[in-house]
Amino acid sequence: MRRRSLLLAVPAGLVTLAGCGDDNKSEKAKSSSSPSPSASASSAPPPKIVDGPLPAITAGTKFGEKPTVAKGSGAPSKDLAVRTVIAGNGATVAENDYIQASYLGQVWDTAKVFDNSYDRKTSLVIQLAQGGIIDGWRYGLVGKKVGSRVEMAIPPTWGYGTRGNTQAGIKGTDTLVFVVDIENTFNAKSSAKGKDVAQNDKALPKVGTNTDGKAPSIDVPKAKAPTKLVADYVIEGDGEEVKADSSVLVQYKGVLWDGGKEFDSTYSRGQLTSFSLQQVVKGWGQGLTGKKVGSRVLIVVPPALGYGDNPPSGSGINKDSTLVFTVDILAKM
């Protein structure tokens with residue numbers, strides 16, 4: 001069983017209750033018509049993947065442009081139809097990766113667009129994992145490269161199942177057509193990308209600047225812990241700034257100020273974590289607000305902004321502990 005992040009534990013008064021049991025809950029709740037799964041469509045056998053038929057993309061044909069897609073002609077395949085329209089040359093997407101993508105989805109028979117991220121001007125960041133997304137995406141996008149535009153025709157079996165998605169206007173018999181621009185992919189080896197920032201304050205922990213996917217070191221000084229929140233760049237990225245209500249995808253490691261013992265780490269679990277900044281301890285929410293995507297951030301959390309006198313049971317965190325984190329902000333969700 002995957003160990004749940006301590007950051008999402010719920011000591012009274014320190015962490016917002018919403019969504020604490022599911023790293024992806026806030027993202028799934030944003031739009032019921034986005035390609036997240038319905039319960040009836042999550043246990044289908046692997047599909048046969050074929051190269052058509054697929055309707056033509058008649059406008060917006062460049063990567064990153066909102067596409068216009070023709071109505072499906074004739075009967076769609078009962079198999080999963082997948083075609084790489086534009087071949088990228090970036091990293092290869094693997095199952096259980098998180099992808100960042102722009103997309104448009106419409107119904108085969110009517111060409112009715114039921115959802116698209118281009119108009120929202122916000123990419124989707126979601127994990128290609130069973131139960132995390134409709135199976136057509138999970139099977140159709142694995143093996144594709146970042147920078148690719150992929151078109152798919154997804155039968156109900158690997159879409160929303162026989163129940164469809166009534167809020168999106170999708171019937172249980174509808175084949176869905178998606179155009180997906182794969183902008184990035186993230187996995188347990190992902191790291192910050194940016195410029196190293198000098199760490200000159202000897203009274204603060206020093207964090208490693210390696211970007212090889214391995215956990216960075218945290219050297220805690222033998223000094224009194226600061227009483228106020230510290231949130232400093234270790235590596236400064238050039239992405240979008242994180243807002244107080246943002247959801248983020250991160251790598252992180254946490255150690256105690258006293259003794260430097262590690263108590264939580266995505267690196268140790270081999271699993272990235274995503275969450276809303278409104279779900280986590282206050283020190284995280286305040287410390288990451290305003291920081292740029294792609295950055296590595298040192299956060300020193302005093303007890304009043306961490307777990308105070310009520311740390312999670314079995315965490316190894318004592319009452320009134322000061323916590324030290326290194327956080328790589330991989331994406332804003």
Side-chain angles (χ1 to χ4, degrees), residues 28 31-88 92-93 95 99 101-120 124 126-145 147-182:
K28 291 175 189 174
S31 173
S32 63
S33 59
S34 67
S36 51
S38 64
S40 60
S42 62
S43 58
K48 178 182 178 182
I49 297 179
V50 297
D51 59 6
L54 284 160
I57 299 173
T58 58
T61 56
K62 295 180 181 179
F63 183 91
E65 291 183 341
K66 179 184 175 181
T68 300
V69 184
K71 178 181 174 182
S73 178
S77 175
K78 296 184 183 300
D79 299 314
L80 176 61
V82 181
R83 180 173 62 207
T84 300
V85 181
I86 299 171
T92 301
V93 175
E95 187 168 6
I99 62 164
S102 295
Y103 69 94
L104 177 141
Q106 66 184 48
V107 176
W108 174 281
D109 287 335
T110 63
K112 177 188 175 183
V113 175
F114 56 83
D115 193 22
N116 87 89
S117 66
Y118 300 93
D119 288 348
R120 292 193 294 271
L124 174 72
I126 198 164
Q127 190 177 18
L128 295 183
Q130 186 173 16
I133 196 166
I134 58 173
D135 283 340
W137 275 53
R138 187 164 65 92
Y139 290 113
L141 297 181
V142 166
K144 304 303 182 185
K145 293 183 179 294
S148 296
R149 166 168 283 190
V150 180
E151 185 179 13
M152 299 180 286
I154 303 177
T157 301
W158 298 283
Y160 293 101
T162 56
R163 294 182 180 180
N165 185 316
T166 54
Q167 187 169 345
I170 298 170
K171 301 190 298 291
T173 55
D174 284 338
T175 289
L176 310 178
V177 177
F178 284 97
V179 176
V180 183
D181 288 336
I182 306 173

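Sequence positions, counted from 1, serve as the residue numbers for this chain.
If you take CG on D135 and CD on Q130, they are separated by 6.0 Å, rounding to the nearest 0.5 Å. Here the straight-line distance linking atom OG1 of T84 with atom CZ of R149 works out to 12.0 Å at 0.5 Å rounding. Here the straight-line distance linking atom NZ of K66 with atom CG of L104 works out to 6.5 Å at 0.5 Å rounding. We find the CG-CG distance between L128 and L141 to be 6.0 Å, quoted to the nearest 0.5 Å.
Between I57 and P67 the shortest heavy-atom distance is CG2-CB, 3.9 Å. P55 and W108 make their closest contact through CD-CZ3, 3.6 Å (heavy atoms, listed as atom of the first residue, atom of the second, distance). D109 and K71 make their closest contact through O-CE, 2.6 Å (heavy atoms, listed as atom of the first residue, atom of the second, distance). G132 approaches I126 most closely through the heavy-atom pair O-CD1, 3.4 Å. In plain terms, the two heavy atoms of R138 and E95 that are nearest each other are NH1-OE2, 2.6 Å. Between A168 and F114, the closest heavy-atom pair is O-CB, 3.5 Å.
Within the structure, the side chain to side chain donor-acceptor pair (under 3.5 Å) test picks out no pair touching residues 49-65 (sequence neighbours left out). Applying the side chain to side chain donor-acceptor pair (under 3.5 Å) rule to pairs touching residues 74-83 yields R83-E151, sequence neighbours excluded.
Q106 contributes a side-chain N or O that, together with a main-chain N or O of A70, makes up a donor-acceptor pair within less than 3.5 Å. Of the possible polar contacts, none joining the D181 side chain to the S102 backbone as a donor-acceptor pair under 3.5 Å is found.
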Would you sort out whether V82 and Y139 count as a side chain to side chain contact (heavy atoms under 4.5 Å, CB included), showing the intermediate values? CA-CA 9 Å; V82 181; Y139 290 113; over 6 Å; no

Tell me, with the steps shown, if V179 and V85 meet side chain to side chain contact (heavy atoms under 4.5 Å, CB included). CA-CA 9 Å; V179 176; V85 181; over 6 Å; no

Contacts table for residues 169-178: side-chain donor-acceptor under 3.5 angstrom, sequence neighbours left out:
from, atom 1, to, atom 2, distance (Å)
K171, NZ, D174, OD1, 3.4
D174, OD2, K171, N, 2.7

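Contact annotation: the side chain of R120 approaches that of D115 to within less than 4.5 Å [non-hydrogen atoms, C-beta and beyond].
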